[in-house]
Amino acid sequence: MQSTTTVKATSRKDLTGPALRTFFRIAEAWKLQEQEQMRLLGLESRSTFQSWKRGSVSTIPKDALERISYVLGIYKGLHILLPQTADEWVRKPNAAKTFSGRSALDRMMSGNVADLFVVRQYVDAQRA
């Protein structure tokens, strides 16, 4: 029987490839610059980013998976709400209190995972 730690590590390892491929497809759809992608992933090292982009990593940290999960949820929610303009929405100024006239991407670019959560929560609330 495996310990819980081993199971979690195995799950993260299994999720790493699909999560990164999905993130980079979303980044392309949103026309994110490299620096924006790094910020959303919580990375400071360009070499680490390049390794991740090449798929040369077996397991990414839990924090990065959480960030990718929020980005995926935002992407999915926007495509349900705004099928024609979903990918452009992230860069448009938004008058909602959550964004104070700035774009959702500006909010997400703070580098804090909490801001990804807030944007995800906002998008989910719009669907309710």
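Within the 4.5 Å cutoff, no side-chain heavy atoms of L78 are placed close to those of Q126.
Using modelled atom types, one side-chain atom of S51 and one backbone atom of S47 make a donor-acceptor pair closer than 3.5 Å. Checking side-chain atoms of N94 against main-chain N and O of A96 turns up a donor-acceptor pair under 3.5 Å. For the pair R21 (side chain) and G55 (backbone), a donor-acceptor distance under 3.5 Å is absent. Looking at R107, its side chain never comes within 3.5 Å of a backbone N or O of D115 through a donor-acceptor pair. Side chain of R39 to main chain of S110: a donor-acceptor pair is present (N/O by atom type, distance under 3.5 Å, no hydrogens or angles).
Residues T59 and K13 come closest through the heavy atom pair OG1-CB, 3.4 Å. Taking all atoms of both residues into account, the shortest heavy-atom contact from P93 to G101 is CB-O, 3.3 Å. Minimum heavy-atom separation, A64 to I60: CB-CD1, 3.9 Å. Smallest separation of non-hydrogen atoms from E36 and M109: CA-CE, 3.3 Å.
Within the model, atoms CD1 of I68 and CG of L72 stand 9.5 Å from one another, a figure rounded to the nearest 0.5 Å. Here D87 contributes atom CG and H79 contributes atom NE2; the two are 3.5 Å apart, rounded to the nearest 0.5 Å. Interatomic distance, K76 NZ to I26 CD1, rounded to the nearest 0.5 Å: 11.5 Å. To the nearest 0.5 Å, the span separating CZ on F24 from CG on L41 amounts to 5.5 Å. Interatomic distance, F99 CZ to M108 CE, rounded to the nearest 0.5 Å: 7.5 Å. Distance check, rounded to the nearest 0.5 Å: CG of L40 to CG of L105 gives 6.5 Å.
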Let's go through V57 and L20 carefully: what are the C-alpha distance in whole Å and the side-chain angles of both, what is the deciding distance for side chain to side chain contact (heavy atoms under 4.5 Å, CB included) to 0.1 Å, and is it a yes or a no? CA-CA 10 Å; V57 60; L20 287 174; 3.6 Å; yes

Set out, in order, the CA-CA distance, both residues' side-chain angles and the distance that settles side chain to side chain contact (heavy atoms under 4.5 Å, CB included) for V119 and T98, then state yes or no. CA-CA 8 Å; V119 174; T98 303; 5.5 Å; no

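A chain of hydrophobic side-chain contacts below 4.5 Å, direct or via other Ile, Leu, Val, Met, Phe, Trp or Tyr residues, connects I74 to L82. L81 and L116 fall within the same hydrophobic cluster, where Ile, Leu, Val, Met, Phe, Trp and Tyr residues are linked whenever their side-chain heavy atoms come under 4.5 Å apart, directly or through other members.
More than 12 heavy-atom neighbours from other residues, nucleotides or ligands sit within 6.0 angstrom of CZ on R91. Counting heavy-atom neighbours within 6.0 Å of Q50 CD, excluding the residue itself, gives a total above 12.
Ring geometry for W30 against Y75 counts as tilted: the plane angle lies between 30° and 60°, on a 0 to 90° scale.
Ring centers of Y70 and Y122: at least 6.0 Å apart, outside the cut-off.
In the model, Q37 has no side-chain atom that pairs as donor or acceptor with a side-chain atom of E28 under 3.5 Å.
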